[in-house]
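First the structure, in the form of structure tokens, and then the observations on it.
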Number of protein chains: 2
Amino acid sequence: MLGLLSAGPASGYDLLKTFELSLENVWPATQSQLYAELGRLAKEGLVRVAAEGPRGRKEYEITEEGRAELRHWLVEVPPTMTRRSDMLLRVFFLDQVGTGAARGYLERLAERAVHEHDQLLGIREFVIGQGDDALRLYGDIALEWGLRLTAAQRDWAEWAAGRVAALEQEKALEHEKAGQAVAE
Amino acid sequence: MLGLLSAGPASGYDLLKTFELSLENVWPATQSQLYAELGRLAKEGLVRVAAEGPRGRKEYEITEEGRAELRHWLVEVPPTMTRRSDMLLRVFFLDQVGTGAARGYLERLAERAVHEHDQLLGIREFVIGQGDDALRLYGDIALEWGLRLTAAQRDWAEWAAGRVAALEQEKALEHEKAGQAVAE
DNA sequence: ATCGTACATTCCTGTGTTGACATGTCGCTA
DNA sequence: TAGCGACATGTCAACACAGGAATGTACGAT
């Protein structure tokens, strides 16, 4: 929120829209959180109510302290790598459902990755050439991350489905062999 | 937890160790959560206390209902893609700190990705050839995801740092030109 | 003039998550 | 045999988060 306000003053409602439209991919937030956080930030002096508009609108702006805190967070606080992926967690237990269903799961992951990749391409077309040099660059860099991630996800899921298919084949062969042995 | 118990009975303490050792990368959990969840699962009939050992040890085992629920979750509940990456969120606001610091941030991301990649390679060496066919396969698939993710992260961060460096150059040139114009 | 929609905020409930604290047992070894 | 370290479970307070309900205002179109 400090980041968004650093680009100019906005109300809680404005910020909410921004989260829904452009930031939901990297940091979803609900309105309860948002308004609560605005209050907290105001109490800490990192933001301030700059103006009150119609409909009880309170326009917030970032303070110098807030800007300093933002810069501090950006460069000095070590980023925490996102863990906790239920998509990956399931992979660990995929042996519980047999090779067929496991392969299906991985194939669906691949499809999904392709779908998300396409959506990101659409966004890129849409935002192309908007904003000034610096803003465009960093937006572009973030988008590129999504593009690479979804591409990697697709490749991986397809590769994994292939590995499972190989195991399936192997098992089928063994089974056949065992059947022959019994027949002899 | 149902997944872990599907491989055989274990106590809360055992599960805790497993989370710390092998699952912390995809799904960290604290002991308070763990014991609370075990109680909840027992109340719902998805797990059952199979035996009581020394030191008050309670060995849990998965029930048929639990196994069914696990299978249900694995194949029918749509996986939620992990969003919320503070690493990526920062990128959006990197124009607040200037090109130098921004480039530094991205370069550190690249280093970090290389480091994590190496750690995963170490884990792969360590676990190679453990477990039966199916278990090894799915563990391997999960590990491969980490490998590909960290590799993509490194490539991306290096590429992004390059883009920022280009912008830096461009700005320096403009500045120089402006200086010349003033001098003339 | 009025009615629907978008604007705008606040509060509430339930759940997930973390971290700390409390409590106690068993087995080994100095 | 005293004590340490690993084993083992349980509880609590604080906070983050999601979803929704309640409330009201202003603007634009018919």
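A quick note: this is a predicted structure, and the numbers were derived from the prediction, not measured. Below, read A as the first sequence line, B as the second, and so on, with proteins coming before strands; counting in each chain starts at 1.
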Estimate the overall bend of the helix from dA1(C)-dT30(D) to dA30(C)-dT1(D) from the end axes over five pairs each, rounded to 10 degrees.
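That helix gives 10° between its end axes.
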*For DNA chain D, the residues among residues 13-24 of chain A that have a non-hydrogen atom under 4.0 Å from it*: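 DNA chain D contact set from residues 13-24 of chain A: none.
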Interface residues of residues 44-56 of chain B with DNA chain C (non-hydrogen, below 4.0 angstrom) |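 Listed by number, they are P54(B), R55(B).
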Of all residues at least two apart in sequence or in a different chain, which pass the side-chain contact (heavy atoms from CB on, under 4.5 Å) check with [X]?
| X | value |
| --- | --- |
| E158(A) | A110(A), R154(A) |
| V127(A) | I123(A) |
| L16(B) | E20(B), Q31(B), L34(B) |

Sorted by chain and number, sequence neighbours left out, ring-ring contact (aromatic ring centres under 6.0 Å, His included) with W145(B) holds for W156(A)
The complete set of salt bridge (Lys or Arg N to Asp or Glu O under 4.0 Å) pairs with one or both residues in residues 137-150 of chain A, sequence neighbours excluded, reads R124(A)-E144(A), D140(A)-R163(B), E144(A)-R148(A)
Of all pairs that satisfy salt bridge (Lys or Arg N to Asp or Glu O under 4.0 Å), the ones with a partner from residues 94-104 of chain B, not counting sequence neighbours: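 Non-adjacent pairs meeting salt bridge (Lys or Arg N to Asp or Glu O under 4.0 Å): R103(B)-E107(B), R103(B)-E168(B).
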Problem - Within 6.0 Å of NE2 in H72(B), more than 12 heavy atoms from elsewhere - result: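 Enclosed: over 12 neighbouring heavy atoms sit under 6.0 Å from NE2 of H72(B).
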Considering only residues two or more places apart or on different chains, which pairs with a residue in residues 39-51 of chain A satisfy side-chain hydrogen bond (donor to acceptor under 3.5 Å, both in side chains)?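 Sorted pair list: E37(A)-R40(A), R48(A)-E61(A).
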Worksheet item: Does E65(A) come within less than 4.0 Å of R67(A), counting only side-chain N to carboxylate O?
Response: no
Original post:
So, R57(A) and E59(A), do they make that salt bridge, N to O below 4.0 Å?
Top reply: yes
Atom pair OH (Y13(B)) and OH (Y35(B)), whose distance is rounded to the nearest 0.5 Å: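 Between atom OH of Y13(B) and atom OH of Y35(B) there are 8.0 Å.
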Chain B contact limits on DNA chain C, taken 5' to 3' with a cut-off of 4.0 angstrom to heavy atoms: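 Taking any atom under 4.0 Å from a heavy atom of chain B, the span is dG16(C) to dC26(C).
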*Applying side chain to side chain contact (heavy atoms under 4.5 Å, CB included) between V91(B) and each of I141(A), L143(A), V26(A), report the one that passes.*
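With V91(B) as partner, side chain to side chain contact (heavy atoms under 4.5 Å, CB included) holds for just one option, I141(A).
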Atom CZ of R57(B) and atom P of dG10(D) are separated, to the nearest Å, by 13 Å
Whether each nucleotide of nucleotides 15-22 of chain D has a protein heavy atom under 4.0 Å at its base (B), only at its sugar-phosphate (S) or at neither (-) is summarised, 5' to 3', as -SSBBBB-
